[in-house]
Amino acid sequence: MTKSEIIKFLNDNPTCYLATSEKNKPHVRAMRMVRADEKGLIFQTVDGKDLPKQMKGNPDIEVCFFNSENGIQIRVSGRAQELKDLDLKKEIAEKRPFLKELIEKKGFDVIPVFRIADCVAVVWTMKTNFLPKEYVNL
């Protein structure tokens with residue numbers, strides 16, 4: 001897959017599994033990505049959870065996207081960078097109304113936003129299972 005095809009796949013399949021590590025112990029959780037573009041992958045979380053602490057403590061992240069209908073899996077690795085962009089947080093809040101009450105009570109700082117940047121992707125399918133991995137810089 002090309003870079004643009006990978007970015008399209010990620011945006012079409014935003015539910016993924018994000019892996020962090022803390023004290024050499026892996027942590028994986030299902031997430032819903034905000035979006036992917038040429039600059040990286042955008043994720044939003046909630047302050048007070050383990051995830052933002054782990055992303056700040058060890059910014060090396062891997063995310064796995066999978067579409068069970070076509071059997072395509074794409075793993076993306078990169079480095080987490082916290083974004084302090086209020087306009088982006090407002091955009092996310094508009095798309096995720098379940099955050100409204102929390103933001104009204106605690107303000108926009110309660111939703112940390114991260115970009116996974118410097119991304120490298122590897123695509124896996126049953127057809128390519130035994131072939132050497134091909135890495136694509138995003």
Side-chain angles (χ1 to χ4, degrees):
M1 292 177 89
T2 67
K3 178 179 179 175
S4 61
E5 290 171 329
I6 291 171
I7 291 171
K8 181 179 181 337
F9 179 92
L10 302 182
N11 284 310
D12 289 346
N13 300 278
T15 301
C16 56
Y17 299 90
L18 188 146
T20 59
S21 94
E22 181 178 33
K23 297 179 184 173
N24 293 322
K25 183 179 176 187
H27 300 273
V28 179
R29 77 278 288 151
M31 296 285 294
R32 187 161 179 88
M33 178 185 66
V34 174
R35 71 168 172 264
D37 59 29
E38 297 280 330
K39 295 178 185 175
L41 285 59
I42 304 292
F43 289 91
Q44 163 269 315
T45 185
V46 176
D47 194 40
K49 289 189 168 194
D50 292 337
L51 179 59
K53 179 178 68 171
Q54 291 166 357
M55 292 175 91
K56 291 174 188 178
N58 181 355
D60 295 319
I61 306 297
E62 185 164 272
V63 187
C64 182
F65 296 81
F66 182 66
N67 180 307
S68 62
E69 291 178 19
N70 60 21
I72 295 173
Q73 171 184 278
I74 299 180
R75 291 184 8 233
V76 179
S77 60
R79 291 189 58 83
Q81 306 168 337
E82 188 171 9
L83 304 176
K84 300 286 187 177
D85 184 335
L86 182 58
D87 289 334
L88 177 57
K89 289 183 178 193
K90 287 178 179 178
E91 174 190 328
I92 292 167
E94 285 293 317
K95 294 178 182 176
R96 297 180 174 185
F98 62 89
L99 293 170
K100 182 180 180 182
E101 185 177 333
L102 181 63
I103 292 168
E104 286 174 353
K105 286 181 182 176
K106 298 189 176 190
F108 280 97
D109 286 342
V110 76
I111 57 166
V113 175
F114 290 87
R115 173 183 289 126
I116 312 302
D118 304 321
C119 294
V120 176
V122 61
V123 179
W124 177 92
T125 67
M126 289 299 288
K127 184 178 176 182
T128 63
N129 189 33
F130 299 107
L131 298 176
K133 294 177 182 169
E134 293 183 28
Y135 296 92
V136 178
N137 291 318
L138 299 184

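When a residue number appears, it is its place in the shown sequence, counting from 1.
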Kindly give the heavy-atom pair with the smallest separation between Pro14 and Phe65, and that separation in Å. O-CE2, 4.1 Å
Decide side-chain contact (heavy atoms from CB on, under 4.5 Å) for Leu10 and Ile74; before the verdict, give the C-alpha distance in whole Å, the side-chain angles of both, and the deciding distance to 0.1 Å. CA-CA 8 Å; Leu10 302 182; Ile74 299 180; 4.2 Å; yes
Between Met55 and Glu82, does the side-chain contact (heavy atoms from CB on, under 4.5 Å) criterion hold? Intermediate values first, please. CA-CA 9 Å; Met55 292 175 91; Glu82 188 171 9; over 6 Å; no
Which atoms form the tightest heavy-atom contact between Val136 and Met1, and what is the distance? CG2-O, 3.9 Å
So, does Thr2 use its side chain to make a donor-acceptor pair with the main chain of Glu5 at under 3.5 Å? yes
Side-chain heavy atoms nearer than 4.5 Å, only ILVMFWY residues, links allowed to pass through others: does that put Ile6 and Leu131 together? no
Heavy atoms only: give me the nearest Tyr17-Val28 pair and the separation to one decimal. CB-CG1, 4.0 Å
Out of curiosity, Asn13 CG to Glu69 CD, how far, rounded to the nearest 0.5 Å? 8.5 Å
Test Arg79 against every option in Asp60, Asn58, Asp118 by the side-chain hydrogen bond (donor to acceptor under 3.5 Å, both in side chains) rule and name the one that passes. Asp60
Thr15 and Arg32 have their tightest heavy-atom pair at OG1-NH1, 3.2 Å
Heavy-atom closest pair (Ser77 atom, Glu62 atom, distance to 0.1 Å) is CB-OE1, 4.0 Å
Are Glu101 and Lys105 close enough, and set up right, to give a salt bridge (charged side-chain N to carboxylate O under 4.0 Å, His left out), and what steps lead you there? CA-CA 6 Å; Glu101 185 177 333; Lys105 286 181 182 176; 3.3 Å; yes
To the nearest 0.5 Å, what is the distance between CZ on Arg29 and NZ on Lys49? 9.0 Å
Apply side-chain contact (heavy atoms from CB on, under 4.5 Å) to the pair Phe43 and Ile61, showing each step before the final yes or no. CA-CA 12 Å; Phe43 289 91; Ile61 306 297; over 6 Å; no
Quick one: pull up CG in Asn129 and CD in Gln73 and give me the separation to the nearest 0.5 Å. 10.0 Å
Side-chain heavy-atom pair Asn137, Cys119 within 4.5 angstrom cut-off: no
salt_bridge(Lys95, Glu91) N-O dist < 4.0 Å: yes
Hydrophobic cluster membership, with links at side-chain heavy-atom distances under 4.5 Å among I/L/V/M/F/W/Y: are Phe98 and Ile103 in one? yes
Check this for me, if you would: do Asp12 and Lys8 make a salt bridge, where the nitrogen-to-carboxylate-oxygen distance has to be below 4.0 angstrom? yes
Verdict with reasoning, Val120 to Val76, per side-chain contact (heavy atoms from CB on, under 4.5 Å): CA-CA 6 Å; Val120 176; Val76 179; over 6 Å; no
State plainly whether the residues Lys89 and Asp87 are in salt-bridge range, i.e. N to O under 4.0 Å. no
How long is the gap from NZ on Lys53 to CG on Leu51, to the nearest 0.5 Å? 11.0 Å
Spatial distance of atom CD1 (Ile111) from atom CG (Leu102) [nearest 0.5 Å]: 8.0 Å
Closest approach of Val123 and Thr128, non-hydrogen atoms and distance? O-OG1, 4.2 Å
From NZ (Lys39) to CZ (Arg115), nearest 0.5 Å: 5.5 Å
If hydrophobic clusters are built from ILVMFWY residues whose side chains come within less than 4.5 Å, do Ile92 and Met31 share one? no
Checking the side chain of Asn11 only, and the main-chain atoms of Ala36 only, is there a donor and an acceptor separated by less than 3.5 Å? yes
In terms of hydrophobic clustering (I, L, V, M, F, W, Y; side-chain heavy atoms under 4.5 Å; direct or indirect links), are Phe114 and Ile42 co-clustered? no
Co-membership, hydrophobic cluster, residues Leu18 and Phe9, 4.5 Å side-chain: yes
Evaluate whether atom NZ of Lys3 has more than 12 neighbouring non-hydrogen atoms of other residues, nucleotides or ligands under 6.0 angstrom away. yes
Counting C-beta onward and ignoring hydrogens, is there a side-chain heavy-atom pair between Gln44 and Leu88 closer than 4.5 Å? no
Is it true that, when you exclude Asp109 itself, more than 12 heavy atoms of the residues, nucleotides or ligands shown sit nearer than 6.0 Å to its CG? no
